[in-house]
There are 2 protein chains.
Amino acid sequence: MQIATWNVNSIRTRLDIVTNWLQQNPVDVLCIQESKATDEQFPIAAIAACGYHAYISGQKSYNGVAMFGKQPLTDVSIGFGGVLSPELVGDLDEQKRVIAGTLDGVRIVNLYVPNGNTIDSDKYVYKLRWLELLGEYLKTIIASGQQSICVCGDFNIALEDIDIHSKTVSLDRVMATSAERDLLRKSVLDLGFQDSFRKFTTTGGHFSWWDYRQQGFERNRGWRIDHLYLTPDLFDRAISCSIDIEPRKLVQPSDHAPVIVEL
Amino acid sequence: MQIATWNVNSIRTRLDIVTNWLQQNPVDVLCIQESKATDEQFPIAAIAACGYHAYISGQKSYNGVAMFGKQPLTDVSIGFGGVLSPELVGDLDEQKRVIAGTLDGVRIVNLYVPNGNTIDSDKYVYKLRWLELLGEYLKTIIASGQQSICVCGDFNIALEDIDIHSKTVSLDRVMATSAERDLLRKSVLDLGFQDSFRKFTTTGGHFSWWDYRQQGFERNRGWRIDHLYLTPDLFDRAISCSIDIEPRKLVQPSDHAPVIVEL
DNA sequence: GTTCATCTGG
DNA sequence: CCAGATGAAC
């Protein structure tokens, strides 16, 4: 089974790139983030036309997540509220950042972790609160008896220093702060999840996002912030995990590249 | 000698369409309106690359006129102020709507007449004031001894009813009011200029502008508002005058088609 | 309907 | 640097 995650930065703008990629890379499930489309605007028909069932959670302009399955997904659940009580969720489902579905006994959780803007901003506080709740969300899924889980998406966090192009990048910059890394460890890794990419590649210099600005991609000034985390059974099963930088080379690309795990 | 006029509705957005057209239609002079670019933003290099000298008068966002010459133009003059005193011009050069240059003894005046919005608006008053001053401008050029003059551009006026797709179009709509038509006659035709298009075509159903909305072009709901007016000597010399609707059929076209006169 | 400026967000 | 929303202009 192949599962991919890709922040497409607008599904409408990137529709051709995404459908072409799916034709070349017929993964079983593609998890996308930043669809930037309401459910009405989402090009379901075009996704269906290339052989995928689409499950979407959109909002106007910002955020938005979706899952495309070659086979139907079951038990599709939207938001933290699909699992947690409204009291616990509070305002953290207002932005559409969470969708989950099951294929062949594998629970796939697709996340668009808040960016956080700058560490002195409200958005950074929101990101930390969101990551805290993510832990509760995943614990609840595990507690429900679900064994095989893939938690993937755009985490907007570089877990380790080698996931950043340069050691000179300030470590109190968003996506690199210890507060974010510690919360990612506490909310995901400490529950038993492992980073599938690191089963196969232990070196640095592998990135999934490059800033549009200052020719970040051409200069390979990237960050590895798109991850696929697996429960131990799936981590053992994993055959490969790789980043496909080809779509990042196209004209009008997303700033992110897709990451694919094969189980 | 071939002279063309074309409201391109943003030279930057239409750059490929315009340069392709120039390659197919190597007119001696192309007069454009609504360049919608400052002089800094104007793609002079791309125009030079297809063999044309560019003379520009731009402003930010709106209006803007330019002339492209296969040979250099001489005595290039910008605005009414190139000919009239500042006291006479007043505020009517704030918007960049006038540029002129000479080729082979022919004075070519390129105009972007104000649209006028609605007849109850300040913009309509501005349009009438502007047309009034245009008369003074042309009289001064004639008085200077210039004999052969081509006054062309987007006039935003349908001179006759047959220049509008439908007789049911209200004649108190901007571009069709008798106030505008009378001023156009007084400021241009009464000075001896003649509409070159009408030397060759006396029937209706020939248009140079179609509204983007309601599939105006597909339904041929057009207006002939882009004109080339000639002094008697040039009118006699004129061999042809035609509207090229081909570029209006392309994707992302200007809402105007080029009009070409051959002398 | 289309373009442009400005704004927000990344 | 890129994307979407909004508002103005045509």
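Order of the sequence lines fixes the chain letters, A, B, ..., with proteins taken first and strands second; residue numbering starts at 1 for each chain.
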ask   = For Tyr126(B), what residues pass the ring-ring contact (aromatic ring centres under 6.0 Å, His included) criterion, not counting sequence neighbours?
value = none
request  = Could you note down all residue pairs passing salt bridge (Lys or Arg N to Asp or Glu O under 4.0 Å) where residues 9-18 of chain B supplies at least one of them, sequence neighbours left out?
outcome  = none
Residue list, side-chain contact (heavy atoms from CB on, under 4.5 Å) with Asp122(B), at least two apart or on another chain = none
note = In whole angstroms, the gap separating C1' of dG1(C) from CD of Gln252(B) amounts to 11 Å
key: Test ring-ring contact (aromatic ring centres under 6.0 Å, His included) applied to Phe80(A) - qualifying residues, sequence neighbours left out   = Trp130(A), Tyr137(A)
task = Taking side-chain contact (heavy atoms from CB on, under 4.5 Å) as the test, write out the residues that go with Gln23(A), two or more places apart.
result = Asn20(A), Cys50(A)
inquiry  = Holding to ring-ring contact (aromatic ring centres under 6.0 Å, His included), I want the full list of residues that pass it with Phe197(B), two or more places apart in sequence or in another chain.
reply    = His206(B)
inquiry  = Please enumerate all residues that pass side-chain contact (heavy atoms from CB on, under 4.5 Å) together with Lys249(B), with sequence neighbours excluded.
reply    = Phe217(B), Ile245(B), Glu246(B)
request  = Give me the first and last nucleotide of DNA chain D, going 5' to 3', that has any atom under 4.0 Å from a heavy atom of chain B.
outcome  = dA9(D) to dC10(D)
task = Using a 4.0 Å heavy-atom cut-off, write out nucleotides 4-10 of chain C from 5' to 3' as B (base contacted by protein), S (sugar-phosphate only) or - (no contact).
result = SSS-BSB
inquiry  = Does any part of the side chain of Val27(B), heavy atoms only, come nearer than 4.5 Å to the side chain of Ile3(B), both counted from C-beta?
reply    = no
inquiry  = The criterion is side-chain contact (heavy atoms from CB on, under 4.5 Å); which residues satisfy it with Ser166(A), sequence neighbours excluded?
reply    = Thr168(A), Val169(A)
message = Expected output is a numbered-order residue list: members of residues 15-25 of chain A with a heavy atom under 4.0 Å from any atom of DNA chain D. What is it?
response = none
Partners passing ring-ring contact (aromatic ring centres under 6.0 Å, His included) against Phe193(B) (at least two apart in sequence or in another chain) = none
